Amino acid sequence: MGGPRETIKRDRKTGLPDLEGAVMGEVVMRFAPGPSGPLHIGHSRAAILNDEYCKKYKGKFILRFEDTNPDRIDPDAYDMIPQDLEWLGVNTDETFVQSDRFDTYYHVAKDLILAGAAYVCTIDTEVWRSMKLAGKAVEERDDGPEVQLERWDRMLDGTYSEGEASLVVKTDLDHRNPAVRDFIGMRIKDDPHPRTKDRFRVYPLYNLSVAIDDHIMGCTHILRGKDHLNNTLRQEYVYRHLDWDLPKFIHYGLVSIPESILKTSLIRQEITNGNYSGWSDVRLGTLQALAARGFDPKALRDYWTETGIKSVDINFSWDTLYAKNRTLIDNKARRFFFVPSPTPLIFEYGGVLEANIPYHPERPEMGVRKHRIAPHNGTIRLCIPEKDLREAGNGSVVRLKDLCNVKLMDVSKGIGEFAGTDVSIIREVKGRIVQWVLEDSEPLEIYTPEGEVVKGLVEPGITNTVSNGDMIQFERVGYCRVFFDHGMKANMAHE
RNA sequence: GCUCCCAUAGUGUAGACCGGUCAAUCAUUCCGGCCUUUCGAGCCGGUGACACGGGUUCGAAUCCCGUUGGGAGCACCA
């Protein structure tokens, strides 16, 4: 007979898997957003994963603004994005802006032409595309470099106007994947660029500028979403045309983020319309909104690190993020009473009631908040949540937390009867324990991510120990970030 | 339509490369219970998965083929 079944503890992988071909100290990675607005949850995955790997291998992390489409630039984004990254705890070593680099792109474009790897196309786009899909070359494709160079110069000097010519990077017209056949590398655009104004009119397109920059900046690993799978195939052609070493490409699965408003163009419009208070409106999925709700950025980092880089498409779980955040903040968040839909509760009492309520149930060293409740004409008037009063019902006993018990005599009139201060009673009758405030407490509004505005009263004295913007917990309500500068308000993070 | 990527509980994730120790890990959700002067935190327990069909093999979550299902791209956007 054998002994008890031996349970073999398998090594549980923690953290991110190793990066293929990564050498300690020599990894170079980048985060390359388009400056069309501030960062949102989706961006945070790319930023954090790249950052984690750079930290893991003591590598270099590059921030690159991809602003080669003058139509989709929000000048504020050049400032907002670094701020978002700072909040996330993502440190970048170098910053580049693509609109500073036209000369580089033009130079490489010329190299591509000379290598016979690019041609200037003046054919109508529709025709070019359908020929491509049929695997056929437009006539200009086979012209020699000298002719192409002449046309290229005409693109630069303004002979061709917008839409009349573009520089196409050759791939393989017979490629099995129609999405990979010849792609446009440079186009003419007359719209002024927010940074370079009208100094340049020939703009590189995504696949060309990315390949050029990733190579020149020495990126060893390109970690990005699966939606770039076909772009990778296109970009690899640029590398091969110019005989550059290929970096390692890694594609993680797509994330679908439920119940989230992420689209910058839509958000901007609704901010302009006054439907959102700004980029940090708590209903949004921007990082600014998460910050405004009091999230610890570590929660996002933990979340994405655990999610990893598998190429499966996944669903983002707010519940899981909330759980991660809760474990980070619970220990620090002071407790306070906030009564939503405050409803009066009156009961007769001869003396003065005193409450000493801990700021944190597990951290007595944080001290207590004291409240003294004196009766008027023998009657004490407090407010409790309407919902609790209604649901408790006549004849039941409720515990006013850290104060006393009250037997409800007439719920509709809010009349009760003092029922002692002994806590144990409430356990015996399984009554509910509710938060309460004095009737003349300060009004406060809680803004929830669902778009609700919960009006209620908050216990006085909260500003004595809490600073503007602190994260607290309203007992039985949820974790909130509170603000005192423009009236009393709070942003709900989660329950 | 063509091409590419993918498939472990409700949601994520480990295991897969190198088949056996998998009676399948962990987290979260959900459901119980304990504890607690919050519906928070903490503690204990439970439900719950290898998409399907073949093949290889003594043995398949793991290797191969097919099917089904999901996703992406086929832009003068990034």
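Please read these numbers as outputs of a predicted model, since none were measured by experiment. Below, chain A is the first sequence line, B the second, and so on; all start at residue 1.
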Below the 4.0 Å mark, does [N] have OP1 or OP2 next to a side-chain nitrogen or oxygen of [X]?
{"X": "R176(A)", "N": "C4(B)", "answer": "yes"}
{"X": "N315(A)", "N": "G12(B)", "answer": "yes"}
{"X": "T68(A)", "N": "C77(B)", "answer": "no"}
{"X": "R363(A)", "N": "A41(B)", "answer": "no"}

Which nucleotide wins on minimum distance to the side chain of [X], given the candidates [options]?
{"X": "R335(A)", "options": "C77(B), U3(B), U38(B)", "value": "U38(B)"}
{"X": "N177(A)", "options": "A72(B), G40(B), U3(B)", "value": "U3(B)"}
{"X": "R129(A)", "options": "G40(B), C76(B), A72(B)", "value": "C76(B)"}
{"X": "L229(A)", "options": "C4(B), U38(B), U13(B)", "value": "C4(B)"}
{"X": "E362(A)", "options": "C5(B), A27(B), G40(B)", "value": "G40(B)"}
{"X": "Q473(A)", "options": "G40(B), G71(B), C5(B)", "value": "G40(B)"}
{"X": "K310(A)", "options": "U38(B), A72(B), U8(B)", "value": "U8(B)"}
{"X": "V312(A)", "options": "C74(B), U38(B), A7(B)", "value": "A7(B)"}
{"X": "D313(A)", "options": "G73(B), C76(B), G70(B)", "value": "G70(B)"}
{"X": "D330(A)", "options": "A41(B), A78(B), G73(B)", "value": "A41(B)"}

For [N], the Watson-Crick or wobble counterpart (both distances under 3.5 Å):
{"N": "A7(B)", "value": "U68(B)"}
{"N": "G1(B)", "value": "C74(B)"}
{"N": "C22(B)", "value": "none"}

Does any N or O donor sit under 3.5 Å from an N or O acceptor when you compare the side chain of N231(A) with the base of A78(B)?
yes
Is it the case that the base of U37(B) and the side chain of R399(A) share a donor-acceptor contact (distance under 3.5 Å, atom types as modelled)?
yes
Separation between the [atom1] atoms of [N] and [M], rounded to whole Å:
{"N": "G48(B)", "M": "A23(B)", "atom1": "C1'", "result": "15 Å"}
{"N": "U29(B)", "M": "G10(B)", "atom1": "C1'", "result": "7 Å"}
{"N": "A61(B)", "M": "G53(B)", "atom1": "P", "result": "13 Å"}

So does L39(A) get a backbone contact from the side chain of D84(A), meaning a donor-acceptor N/O pair under 3.5 Å?
yes
Criterion side chain to side chain contact (heavy atoms under 4.5 Å, CB included) on Q473(A) and H360(A), from CA distance to verdict:
CA-CA 9 Å; Q473(A) 189 213 54; H360(A) 196 291; over 6 Å; no
Yes or no on ring-ring contact (aromatic ring centres under 6.0 Å, His included) for Y203(A) and F102(A), after CA distance, side-chain angles and deciding distance?
CA-CA 8 Å; Y203(A) 289 88; F102(A) 282 89; 5.4 Å; yes
Find out whether R64(A) and V210(A) are in side-chain contact, i.e. whether some heavy atom of one side chain is under 4.5 Å from a heavy atom of the other.
yes
Just say parallel, tilted or perpendicular for the rings of W318(A) and F316(A), cut-offs at 30° and 60°.
perpendicular
Sole residue of E428(A), E417(A), K407(A) in side chain to side chain contact (heavy atoms under 4.5 Å, CB included) with V397(A):
K407(A)
